[in-house]
Trainee: 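Take a look at the following structure, please.
The sequence lines fix the lettering, A, B, ..., with proteins before strands; numbering per chain opens at 1. The analysis underlying the following values was restricted to heavy atoms, covering all of them including side chains, and did not include hydrogens, waters or symmetry mates.
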2 protein chains.
Amino acid sequence: MARAADASQLRTRPEDAEIDLEGLVGYNLKRAYVVVSSDFRRALGEDGFAPRQFSALSLIVQFPEIIQSELARKLGIERSGLVSIVDDLEGRGLVSRMPVPGDRRVQALTPTKDGRSAYLNARDVVRAHEAALLSDLAPEEVETLIGLLQKIRKTEA
Amino acid sequence: MARAADASQLRTRPEDAEIDLEGLVGYNLKRAYVVVSSDFRRALGEDGFAPRQFSALSLIVQFPEIIQSELARKLGIERSGLVSIVDDLEGRGLVSRMPVPGDRRVQALTPTKDGRSAYLNARDVVRAHEAALLSDLAPEEVETLIGLLQKIRKTEA
DNA sequence: TATTGTTATACTCTATAACTATA
DNA sequence: TATAGTTATAGAGTATAACAATA
């Protein structure tokens, strides 16, 4: 052999040129999400919103009187998983479960005044966190990225 | 009011035009990752590799004799979290923990013959899964997406 | 003192199944 | 029969802290 090779650092066979974890969308999605979500938590602080609380509150503010089943559907999670999220938001006085005349099975979710302002405040923090984290990307790149991610989401069953 | 509004479906105030969960990179990343990873699991089957087993095996094949600490670092997880992943791969006979002369603390991870062929086989299944799932994206779009995701990863602490 | 692999432990997120009260 | 909310439960995945062996 012409050169000594560090077996732990170099590819050793021609077919290994095809071994490329970095070329997979799934792997890169996961790694990028870890970076963004941990920075999200850092930005929102110890007792701030976790990503799922923030998403849920955002949709409750956007669609006041949304019922839990519909919110779960929009978030892409099971109804059962939403219970603790709403419990938390209600416990903080940010959201109210309201009876709906005409169907006593359902609970309409409405933001309280505190909930609306807590949301608007958190939204600004989240925007600042994304702006700082994505400062290496041009605005068009961020738009492109979001468009491509939404294209992938649309392929869902 | 000129038109009746369904409060659960329409924005009701001007400032709410700025409420836009869909405009956040983090939210879209998470949703897209859920789509891709659940399709990954479906494609690889009940007792196939989970994403993290696949990633670990891929790097062990790419870097034979890699030590556990270094593999954890490359994967972006803690050393302690890698133990059960390697236990699983070793239990299936796909990877061996080998002593390293000169430093008796470390374990070098090497794929077995079965491990290498199981990996190459799984890699083909993963590629087919991604090709099918991303068939709405042009090849340049996939490249662009991966490039942008890697840019985000590079901002990590 | 520092590092490697390991164990114990706990926490977050999520899913499934079953229950209740309604429809 | 079917649906909305709920509870109980379990399983990934991951992190932190501590330990033994070794450097």
Trainee: Hey, is CD on A/Glu143 packed in by over 12 heavy atoms from elsewhere, all under 6.0 Å?
Mentor: no

Trainee: Heavy-atom contacts under 4.0 Å between residues 78-100 of chain B and DNA chain C, which residues?
Mentor: B/Arg79, B/Ser80, B/Val83, B/Arg97

Trainee: Determine whether A/Leu94 and A/Phe49 satisfy the following criterion, side-chain contact (heavy atoms from CB on, under 4.5 Å), listing intermediate values before the conclusion.
Mentor: CA-CA 12 Å; A/Leu94 306 178; A/Phe49 296 118; 3.6 Å; yes

Trainee: Got a sec, which residues hit salt bridge (Lys or Arg N to Asp or Glu O under 4.0 Å) with B/Arg42, two or more places apart in sequence or on another chain?
Mentor: B/Asp39

Trainee: The helix from C/dT1-D/dA23 to C/dA23-D/dT1: angle between its terminal axes, five pairs each, to 10°?
Mentor: 10°

Trainee: Check nucleotides 19-23 of chain C against the protein and report each pair of N or O atoms closer than 3.5 Å, with its distance, or say if there are none.
Mentor:
| unit_1 | atom_1 | unit_2 | atom_2 | d |
| --- | --- | --- | --- | --- |
| C/dA23 | OP1 | A/Arg104 | N | 2.8 |

Trainee: Between atom CD in B/Gln107 and atom C1' in C/dT4, what is the gap in whole Å?
Mentor: 9 Å

Trainee: Answer yes when A/Glu70 and A/Arg73 have at least one side-chain N-carboxylate O distance shorter than 4.0 Å, and no when they do not.
Mentor: yes

Trainee: Which residues in residues 29-60 of chain B have a heavy atom closer than 4.0 Å to any atom of DNA chain C?
Mentor: B/Lys30

Trainee: Give me each pair satisfying ring pair (Phe, Tyr, Trp, His ring centres under 6.0 Å) with a member in residues 129-155 of chain A, each pair once, sequence neighbours excluded.
Mentor: A/Phe40-A/His129

Trainee: Establish, from distance only, whether the side-chain atoms of B/Gln68 and B/Arg97 form a donor-acceptor pair under 3.5 Å.
Mentor: yes

Trainee: Is the distance between the ring centroids of B/Phe54 and B/Tyr119 less than 6.0 Å?
Mentor: yes

